[in-house]
Engineer: 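To start, I am sharing the structure in question, which I have written as structure tokens.
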Protein chains: 2
Amino acid sequence: MSSTLGFAILAVLARSERSGYEIAARMRQPVGYFWTASHSQIHGELQKLLTGGLVGFEARHGPGPQDKKIYRITPEGLAELREWVTAPPRARPERDELVLKTYASWLADPAEVRRLFAEQLAVHEARLAEYEREKESFGGEPVFGDPAFGGWAALRCGLGYERHRADWCRWMLDQLS
Amino acid sequence: MSSTLGFAILAVLARSERSGYEIAARMRQPVGYFWTASHSQIHGELQKLLTGGLVGFEARHGPGPQDKKIYRITPEGLAELREWVTAPPRARPERDELVLKTYASWLADPAEVRRLFAEQLAVHEARLAEYEREKESFGGEPVFGDPAFGGWAALRCGLGYERHRADWCRWMLDQLS
DNA sequence: AATCTCATGTAAGCTGTTACATGATTTA
DNA sequence: TAAATCATGTAACAGCTTACATGAGATT
């Protein structure tokens with residue numbers, strides 16, 4: 001039984017073998033859009049996966065003081081990952097700081113609340129523009145079965161989310177005028 | 001400097017004085033739609049808020065072995081809460097297990113993926129129906145300034161989110177057929 | 001008689017963040 | 001020569017979950 005982070009790492013390694021450093025880079029972009037971890041967390045989790053026999057590694061030298069370790073998913077790791085993919089996700093409790101602030105917004109100066117939501121709207125519009133650019137960079141529309149489909153579907157989810165958030169911010173700004 | 005949980009508790013206490021038990025109940029419903037905590041976490045956080053002078057309490061007896069403690073926000077607590085409301089929320093890293101599963105879905109049996117998304121769609125449609133019912137239970141549409149506006153705005157955010165998620169699940173099911 | 005609600009707390013453990021520690025190679 | 005990138009690890013701490021512990025009063 002691995003943690004979700006373990007499966008995130010396995011999902012990356014299922015596509016190609018990588019060093020811990022490279023996995024950490026992926027956890028910023030593009031996997032970072034839906035799962036993130038710092039390098040310290042990744043190195044620790046890789047140790048656990050190694051103990052569990054879900055990954056193996058091959059050391060290669062340089063550059064740097066320590067040898068580079070190229071991790072690879074094992075057949076056992078792939079089997080566990082496959083099982084996990086279609087298992088129902090465990091519900092995470094919602095924690096949304098902006099909505100919490102909204103809940104307490106009756107205490108605040110309306111002008112300041114307006115500024116807060118204008119800022120948030122700008123953030124979501126910027127992300128939307130970024131996602132639209134990435135959408136362009138996909139040549140065609142990948143279909144299910146293609147490994148690229150995962151990234152495509154995630155991007156569509158991100159676009160929908162940012163649109164919903166931007167709409168809500170606009171509605172809030174309307175309410176404040 | 002309080003944690004976000006501290007401010008969530010202060011936001012509840014700003015509306016009316018409550019015992020730890022009652023705050024925990026609120027953290028399931030309706031505040032639970034955007035912030036949750038278990039009773040053990042709440043009791044611990046209340047101790048910190050008490051030490052910081054942001055809340056005070058009055059003990060009242062019964063029922064139960066220990067006295068009931070009715071917590072009340074202090075002027076200092078209210079001032080800190082007011083300041084926090086319009087401060088920019090600190091960005092939480094995205095962690096979305098369903099999207100992560102989608103990223104790895106190329107490894108799985110399409111029929112199983114279809115089942116997973118059909119299940120998720122049902123979850124979001126059920127929540128949508130629940131939120132619609134709650135929307136009805138609001139008599140009119142509260143306006144900004146009314147404490148009830150916070151709950152109303154949060155509900156509208158929730159409705160938008162569930163619609164976006166349901167749409168994405170439907171799109172995924174389309175892709176799988 | 002059993003279970004549910006009210007009521008507060010402690011403790012162990014996991015997850016995740018931030019800072020510390022080292023050092024070679026490449027680029028500006 | 002200074003900084004960025006590559007590269008791996010440890011340690012301290014904060015946040016959160018789950019289980020343990022107790023017990024009165026109300027309901028079934």
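Each chain gets a letter, A, B and so on, in the order its sequence line appears, and its residues count up from 1.
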Engineer: In whole angstroms, how far is the C1' atom of dG16(C) from the NE2 atom of His43(A)?
Structural biologist: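 Roughly 15 Å, once rounded to whole Å.
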Engineer: Starting at CD1 of Ile70(A) and ending at P of dC6(D), how long is that distance when rounded to a whole Å?
Structural biologist: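 Going from Ile70(A) (CD1) to dC6(D) (P), I get 13 Å.
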Engineer: For the pair made of OH in Tyr71(B) and C1' in dG9(C), what is the distance, rounded to whole Å?
Structural biologist: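 Those two atoms, OH and C1', are 10 Å apart.
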Engineer: State whether the distance check finds a donor on one side and an acceptor on the other, under 3.5 Å, for side chain Ser19(B) versus base dT8(C).
Structural biologist: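 By the distance-only test, no, there is no pair.
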Engineer: Just call it for Arg95(A): base, sugar-phosphate, or nothing, with non-hydrogen atoms closer than 4.0 Å on any strand.
Structural biologist: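 Arg95(A): backbone/sugar contact only, no base atoms under 4.0 Å.
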Engineer: Between the side-chain atoms of His39(B) and the base atoms of dT8(C), is any donor-acceptor pair under 3.5 Å?
Structural biologist: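 A donor-acceptor contact between them is present.
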Engineer: Is atom CD of Glu132(B) surrounded by more than 12 heavy atoms (other residues, nucleotides or ligands) closer than 6.0 Å?
Structural biologist: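 Yes, enclosed.
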Engineer: What nucleotide, of dG15(D), dG16(C), dA7(C), holds the atom closest to the side chain of Tyr21(B)?
Structural biologist: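 Closest nucleotide to the Tyr21(B) side chain: dA7(C).
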Engineer: So, does the side chain of Ser40(B) form a donor-acceptor pair with the base of dT18(D) at under 3.5 Å?
Structural biologist: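 Indeed, a donor on one side and an acceptor on the other fall under 3.5 Å apart.
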Engineer: From NZ of Lys69(B) over to C1' of dC6(C), roughly how many Å is that when rounded to an integer?
Structural biologist: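 After rounding, the reported distance stands at 15 Å.
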Engineer: Find the distance Asp67(B):CG to dT8(C):P and express it as a whole number of Å.
Structural biologist: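 My rounded result for the distance is 10 Å.
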Engineer: Tell me if the centroids of the rings in Phe144(B) and Trp152(B) come within less than 6.0 Å of each other.
Structural biologist: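 Judged by ring-centre distance (under 6.0 Å), Phe144(B) and Trp152(B) do not meet the cut-off.
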Engineer: What is the separation between atom CD on Gln41(B) and atom P on dG16(C), rounded to the nearest whole Å?
Structural biologist: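 Computing the Gln41(B):CD to dG16(C):P distance gives 15 Å.
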Engineer: Going through the distances and angles, do Phe117(A) and Thr102(A) end up as a side chain to side chain contact (heavy atoms under 4.5 Å, CB included)?
Structural biologist: CA-CA 10 Å; Phe117(A) 276 89; Thr102(A) 307; 3.3 Å; yes
